[in-house]
Amino acid sequence: MSSILSYVQPTANSPWGTYLSQVDRVIPYLGDLARWAETLKRPKRALIVDVPIEMDDGSIAHFEGYRVQHNLSRGPGKGGVRFHPDVTLEEVMALSAWMTVKTAAVNLPYGGAKGGIRVDPKKLSLKELEKVTRRYTSEIGIIIGPHSDIPAPDVNTNAQIMAWMMDTYSMNVGGTATGVVTGKPLHLGGSLGRVKATGRGVFVTGREAARRLGLDLRGARVAVQGFGNVGSVAAELFAEAGAKIVAVQDHTGTIVNENGLDLAGLVPASRTDGGAVSFKGGDVIDNEAFWEVACDILIPAALEGQITAERAQKTKARLVLEGANGPTVPTADDILAERGVLVVPDVICNAGGVTVSYFEWVQDFSSFFWDEDEINVRLDRIMMNALNNIWDTADKHKITLRTATYAVACERILMARQERGLYP
Ligand code: GLU
């Protein structure tokens, strides 16, 4: 019998393999709801689309696009769209599943979804990027919508791309539908605070975890992998709180300064073609040496599978804050737990982005927009409540914060599943 699952070959440390092992670990804590657990191991719906465009030189190029709706039990699908040359169906399945867990962990009325295009956007002109975005949006238009599935930015996508998606969908339905995507520009129904929300959530959950560990943020040494929207904003907030950013790794390499990198110089340098290593206020070291840097807090804020078993053995950090989705493989998770390194898992740590996406969607529907203070106060409250609840669950069962987050989230998802019942 064929199923969506037959199209992917996960391995123990691949994204879907990692996700499956995370689900297996929570099953003993689900009680009678475990009966429904298989639901979590199967995406509800996966769409693969061809995205052909005419390139600037007149040639025709084809890209492969995906939109996976992992689970819609608690509400419409929600999750970003990633443009990356290595995107695969398997990866998008895992990312969509992590969205299901994430929205439930912070109790937003959403399911989980994710999309992606297998393309290197750095190799496209602006016009080609717009064409790819519009054709992809039109192709997945049969399953997205303000009440069914709401895309948002993710790796290599931004407010401009969301504006093109919103416009394309709106043209096809014959009316402006701002609520179909979040992370839009401010004057097109975007929300204040959305751009910084993910990094802010990493900081808020990290600050609370540090407090509980007795780790003073003043003088704490922080190493950040990935210096995009998530890593750089989190770094700035930690620096404002008195921490020293001692190491940063981006796609150009690794730069260190044990006295703290000056972010006022590093952030603009990292936005140029030369990347983080073009900044003169630190020493460039080998990429693998990043994982051994003397630090208290490690923030993986790039792609999946970065913290391997070997790197988990090496890290000097006491606290890992998962800004990225799926950065730690299951064997590394076990090693970190054995070594007493506390991990605040992705599905709570980086939930700030989707939380402010939810605020944006609510504001679009009510056509009433909040000020930035209100956004940030609400964001902080939701993140803190979710984290405290998860911490209590972890203490009660003596389990990791990751398994505790899955316990809280999966109970909500499967309870909704059970109460809705099977149709027909
Ligand atoms: N891409 C972000 C994430 O992984 C945000 C998704 C959203 O806002 O829907 O959580």
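In each ligand, atom 1 is the first atom listed, and ligand 1 is the first ligand listed.
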(message) Applying a heavy-atom cut-off of 4.0 Å, say which part of Arg82 lies close to ligand 1: side chain, backbone, both or neither.
(response) neither
(request) Closest by any non-hydrogen atom to atom 2 (C) of ligand 1: pick that one out of Ser96, Gly353, Pro153, Ala152. (result) Pro153
(request) Give the C-alpha distance, both sets of side-chain angles, the deciding distance and a yes or no for side-chain hydrogen bond (donor to acceptor under 3.5 Å, both in side chains) between Ser357 and Arg194. (result) CA-CA 7 Å; Ser357 276; Arg194 175 63 187 84; 2.9 Å; yes
(message) Distance under 4.0 Å to a non-hydrogen atom of Asp154: what atoms of ligand 1 satisfy this?
(response) 1 (N), 2 (C), 4 (O)
(request) Please report the shortest heavy-atom distance between Ile348 and Ala386, naming the atom on each side. (result) CD1-CB, 3.6 Å
(request) Starting from atom 8 (O) of ligand 1, locate the nearest protein heavy atom and write down its residue, its atom name and how far away it is, to 0.1 Å. (result) Ser357 OG, 2.5 Å
(request) Indicate yes or no for a side-chain donor-acceptor contact from Arg311 to the backbone of Gln306 under 3.5 Å, with no hydrogens or angles considered. (result) yes
(message) A quick test of your reading: do over 12 heavy atoms of other residues, nucleotides or ligands sit less than 6.0 Å from CD of Glu411?
(response) no
(request) For Lys102, take its heavy atoms, then give the atoms of ligand 1 lying under 4.0 Å from any of them. (result) 3 (C), 4 (O), 10 (O)
(request) Report the relative orientation of the aromatic rings in Tyr406 and Tyr19; use parallel for angles under 30°, tilted for 30 to 60°, perpendicular for over 60°. (result) tilted
(message) Is it the case that the side chain of Ser191 and the backbone of Phe359 share a donor-acceptor pair, with hydrogens and angles ignored and the cut-off at 3.5 Å?
(response) no
(request) Considering only non-hydrogen protein atoms, determine which one is nearest to atom 9 (O) of ligand 1 and report residue, atom name and distance to 0.1 Å. (result) Lys78 NZ, 2.8 Å
(request) Using heavy-atom distances, let me know which of Gly80, Gly323, Pro151 sits nearest atom 6 (C) of ligand 1. (result) Gly80
(request) With heavy atoms of Gly79 as the reference, note each atom of ligand 1 found under 4.0 Å away. (result) 9 (O)
(message) For Arg194, which part has a heavy atom under 4.0 Å from ligand 1: side chain, backbone, both, or neither?
(response) side chain
(message) With heavy-atom distances below 4.0 Å as the criterion, list the atoms of ligand 1 near Met99.
(response) 3 (C), 4 (O), 6 (C), 10 (O)
(message) Does atom CZ (Arg271) have a neighbourhood of more than 12 heavy atoms from anything else shown, all under 6.0 Å?
(response) yes
(request) Provide the closest heavy-atom pair for Ile143 versus Asp149 in the form atom of the first, atom of the second, distance. (result) O-CB, 3.5 Å
(message) Residue-level breakdown please: for Asn325 versus ligand 1, do any non-hydrogen atoms fall below 4.0 Å on the side chain, on the backbone, on both, or on neither?
(response) side chain
